[in-house]
Amino acid sequence: MKTNIFTLIIIAILIAGGFSSCSNHDFNPEDYVSSILSGEYGKGGYHLYVTENGEEKEISGYVRFTAKNLEIEKGDFIFVDVLPDESKKEFKGVPLTPTEEGFIFSMEYIKKNKTVVITGTLDYGLMTINISY
């Protein structure tokens with residue numbers, strides 16, 4: 001009986017020690033905001049709505065967005081099977097402008113002597129993109 005009580009006391013001490021040794025749980029607004037906006041949009045992630053030259057486009061890919069600071073001044077985009085004739089395209093440090101509807105962004109690149117312009121909005125859980133050329 002004494003062994004069982006001693007074992008229960010040891011287990012209780014270990015459990016209490018385990019809870020108190022968890023990582024720092026202090027609120028960090030930078031991590032919180034980044035975690036809401038950062039993630040995969042489309043293909044099982046957050047919602048992604050894509051148009052090409054103004055017409056709705058069905059896609060099988062996704063856009064990975066990452067923001068690193070609280071002010072959300074800029075972010076990184078990785079497009080996977082979203083852009084025409086591109087299986088993967090990455091844009092780093094894209095400026096983001098806050099609006100009442102979320103954040104707007106714009107980027108462009110040249111493909112086959114055509115300028116491809118990507119414009120869109122980013123809101124919590126929703127990204128809209130228009131691809132034009």
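Along the sequence shown, residues carry numbers from 1. Computation of the quantities below employed the complete heavy-atom set of this structure, encompassing side-chain atoms and omitting hydrogens, waters and symmetry-equivalent molecules.
Expressed to the nearest 0.5 Å, how far CD1 of Ile59 lies from CG of Leu83 amounts to 9.5 Å. Note that the OG1 atom of Thr121 and the CD1 atom of Ile104 stand 9.0 Å from one another [nearest 0.5 Å]. To the nearest 0.5 Å, atoms OH (Tyr62) and CD1 (Ile78) are separated by 7.5 Å. How far CG of Asp81 is from NZ of Lys88: 10.5 Å, rounded to the nearest 0.5 Å. To the nearest 0.5 Å, atom NZ of residue Lys74 and atom CZ of residue Phe103 are 15.0 Å apart.
Linking Ile, Leu, Val, Met, Phe, Trp and Tyr whenever their side-chain heavy atoms come within less than 4.5 Å leaves Met107 and Ile110 in two separate clusters. Linking Ile, Leu, Val, Met, Phe, Trp and Tyr whenever their side-chain heavy atoms come within less than 4.5 Å leaves Val50 and Leu126 in two separate clusters. Hydrophobic clustering (ILVMFWY, side-chain heavy atoms < 4.5 Å, transitive): Leu37 and Leu48 are in one cluster.
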- [ ] In sequence, state the C-alpha distance, the side-chain angles, and the governing distance for Glu101 and Asp123, and then conclude on side chain to side chain contact (heavy atoms under 4.5 Å, CB included).
- [x] CA-CA 7 Å; Glu101 291 81 33; Asp123 197 2; 5.8 Å; no
TODO: Test Ile118 against Phe77 for side chain to side chain contact (heavy atoms under 4.5 Å, CB included), laying out the working first.
DONE: CA-CA 11 Å; Ile118 304 165; Phe77 292 80; over 6 Å; no
Task: From CA spacing to verdict: side chain to side chain contact (heavy atoms under 4.5 Å, CB included), Glu86, Tyr109 - done: CA-CA 12 Å; Glu86 295 278 355; Tyr109 66 99; 3.6 Å; yes
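Ring centers of Phe65 and Tyr46: at least 6.0 Å apart, outside the cut-off.
Looking at heavy atoms from C-beta onward, Pro84 lies out of side-chain contact with Lys114 at the 4.5 angstrom threshold. The shortest distance between side-chain heavy atoms of Tyr133 and Val117 does not fall below 4.5 Å. Within the 4.5 Å cutoff, the side chain of Phe105 has heavy atoms near those of the Ile129 side chain. Between Val116 and Ile131, some side-chain heavy-atom pair lies under the 4.5 Å cut-off.
More than 12 heavy atoms of other residues, nucleotides or ligands lie within 6.0 Å of CD in Glu90, so this atom counts as buried by the packing criterion. Other residues, nucleotides and ligands place no more than 12 heavy atoms under 6.0 Å from the NZ atom of Lys43.
For Arg64 against Gly39, the heavy-atom pair with the smallest separation is NH1-CA, 2.8 Å. Of all non-hydrogen atoms in Ser38 and Ala67, the two that sit nearest each other are OG-N, 3.0 Å. Across all non-hydrogen atoms, the minimal contact from Leu96 to Gly75 is CD1-N, 4.0 Å.
Using a cut-off of 4.0 Å between Lys/Arg side-chain N and Asp/Glu carboxylate O, Asp85 and Lys112 are scored as salt-bridged.
A donor atom on one side chain and an acceptor atom on the other are found under 3.5 Å apart for Thr51 and Asn130.
The aromatic rings of Phe91 and Phe79 lie perpendicular to each other, with more than 60° between the two planes, well past the 30° mark.
Within the 3.5 Å criterion, the main-chain N or O of Val82 finds no donor-acceptor partner in the side chain of Lys89.
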